[in-house]
Number of protein chains: 2
Amino acid sequence: MNIGEAAKTSGVSAKMIRYYEQTGLIPKADRRDSGYRDYSPADVHMLRFIRRARDLGFAVAEINELLSLWRDKSRQSADVKRIAQAHIAQLRERIDSLEQMAATLGTLADCCAGDDRPDCPILADLEEPGDGASASGPFTSKTGRLRHRP
Amino acid sequence: MNIGEAAKTSGVSAKMIRYYEQTGLIPKADRRDSGYRDYSPADVHMLRFIRRARDLGFAVAEINELLSLWRDKSRQSADVKRIAQAHIAQLRERIDSLEQMAATLGTLADCCAGDDRPDCPILADLEEPGDGASASGPFTSKTGRLRHRP
DNA sequence: GATGCCCCTTACCATCGTTGGAAGGTCAAG
DNA sequence: CTTGACCTTCCAACGATGGTAAGGGGCATC
């Protein structure tokens, strides 16, 4: 199976398949005489596993952990559960940050007339954060910022 | 005012101030004879504006928009409100994605014995997503992924 | 006036996951 | 044989931030 086919059936782009191979997340694919990578259904299975884990927000490093547990038939489900729960906690933190942001902005927008007058509580708050719906607590400079999604 | 002082009083690191200048988010700072950048209280004010907007999750491109409205005294608060509301909608989308992820994982973890047996519904779902708490709907490959926060 | 310390400058490199492109080889169909 | 779709490798970029290194200035203290 070509990399293109593997990409289509797994949902992981060919670019990313090569990247995952390069970074060691997945083992080096077999090569045909032409140099083309050759994928088995089992490889595609693994790729779909990765894809699914990415969709669930796991970082590649975490997926690495999950993959070794997946490959290890004698794995303990407790290990997997631990990783999953740690990830859930991470997700909750980010959700909280985002909700704080949205709440702050929502309050400001509600106070905003939204007409053609230059008075704007949103800009005013950006200038000098108010107390009411302040978002300057839990997330300072490093937390709650989202990755740019292309 | 030195860049260090400006950084301290604005909450934006010196590094980022230079970066913002380089990328055109803020105008080039005045220079003293020594070559040091020189910042006025107004500049610091602007930096705090930026900082606050970053804390609220605005991307730099959005902050650019906000900054021009901020500088434009005849701005219409409707414009600001529009930007803010679009941003809120973005935040809500991401929150939804994250909540779906957390819910899916939570369900799986609840079903997981968490003992030393190899049977693990979490891994099973990663292999072949189930229907119950599937998270394969709204967020496919590009949505809901978080930026890595160092 | 010299010494030490901190700050400043520019200029790279790394991160993380992903996408894009260029330059060239392979394969299957016409 | 040609064409076009595929594959290969390599290199670069994104966005925001941190780090580091080398070289020089500013200021307080001796």
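Here is how names work: the chains are called A, B, and so on, in the same order as the sequence lines, proteins then strands, and each is numbered from 1. If you're wondering where the values come from, they're calculated on a predicted model, not measured in any experiment.
At the phosphate of D:dT17, OP1 or OP2 sits under 4.0 Å from a side-chain N or O atom of B:Tyr20. Proximity of A:Ser13 to the phosphate of C:dT19: a side-chain N or O atom is located under 4.0 Å from OP1 or OP2. Phosphate proximity of C:dC8 to B:Arg37: absent, as no side-chain N or O sits under 4.0 Å from OP1 or OP2. Taking only side-chain nitrogens and oxygens, B:Ser34 never comes nearer than 4.0 Å to OP1 or OP2 of C:dT9.
Rounded to whole angstrom, the span from the CG atom of B:Asp38 across to the C1' atom of C:dC7 amounts to 14 Å. Rounded to whole angstrom, the span from the CG atom of A:Asn2 across to the P atom of C:dG25 amounts to 19 Å. What separates CD of B:Glu62 from C1' of D:dA16 is a distance of 14 Å, to the nearest Å. The interatomic distance linking A:Lys8 (NZ) with D:dA5 (C1') rounds to 10 Å, in whole Å. Residue A:Ile17 contributes atom CD1, which lies 12 Å from atom P of C:dT19 at whole-angstrom precision. Across the protein-nucleic acid pair, A:Arg51 atom CZ and C:dG17 atom P stand 15 Å apart, rounded to whole Å. Here D:dC7 presents its P atom at 7 Å from CD1 of A:Ile3, a figure rounded to the nearest Å. A straight line from CD1 of B:Ile50 to P of D:dA16 spans 12 Å, rounded to a whole angstrom.
Taking the charged nitrogens against the carboxylate oxygens, B:Arg92 and B:Asp96 have no contact shorter than 4.0 Å, which rules out a salt bridge.
On a pure distance criterion of 3.5 Å, a polar donor-acceptor pair joins the side chain of A:Tyr36 and the base of C:dT26.
Taking the six-membered ring for Trp and thresholds of 30 and 60 degrees, A:His45 and A:Trp70 have ring planes more than 60 degrees apart, a perpendicular arrangement.
The ring-ring contact (aromatic ring centres under 6.0 Å, His included) check on B:Tyr36 picks up nothing, with sequence neighbours excluded.
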Might you list the N or O atoms of the protein lying below 3.5 Å from N or O atoms in nucleotides 19-22 of chain D, with each pair's distance?
{"residue": "D:dG19", "atom": "N7", "partner": "B:Lys15", "partner atom": "NZ", "Å": "3.1"}
{"residue": "D:dG19", "atom": "O6", "partner": "B:Lys15", "partner atom": "NZ", "Å": "2.2"}
{"residue": "D:dT20", "atom": "O4", "partner": "B:Lys15", "partner atom": "NZ", "Å": "2.8"}

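Formation of a donor-acceptor pair under 3.5 Å by the B:Glu93 side chain with backbone atoms of B:Gln90 is not found in this model. The main-chain N or O of B:Phe58 is found under 3.5 Å from a side-chain atom of B:Arg54 such that the two form a donor-acceptor pair. With B:Asp30 contributing its side chain and B:Asp38 its backbone, the two residues share no donor-acceptor pair below 3.5 Å.
Of all the heavy atoms in B:Ala14 and B:Ile3, the pair that sits closest is O-CD1, 3.7 Å.
Under 3.5 Å, the side chains of A:Gln22 and A:Arg18 contain no donor-acceptor pair of N or O atoms. A donor-acceptor contact closer than 3.5 angstrom is absent between the side chains of B:Asp110 and B:Thr107.
Near DNA chain C, meaning a heavy atom under 4.0 Å from it, residues 22-33 of chain B has B:Arg31 in order of number.
Contact annotation for B:Arg18: base contact, defined as any heavy-atom pair under 4.0 Å involving a base atom.
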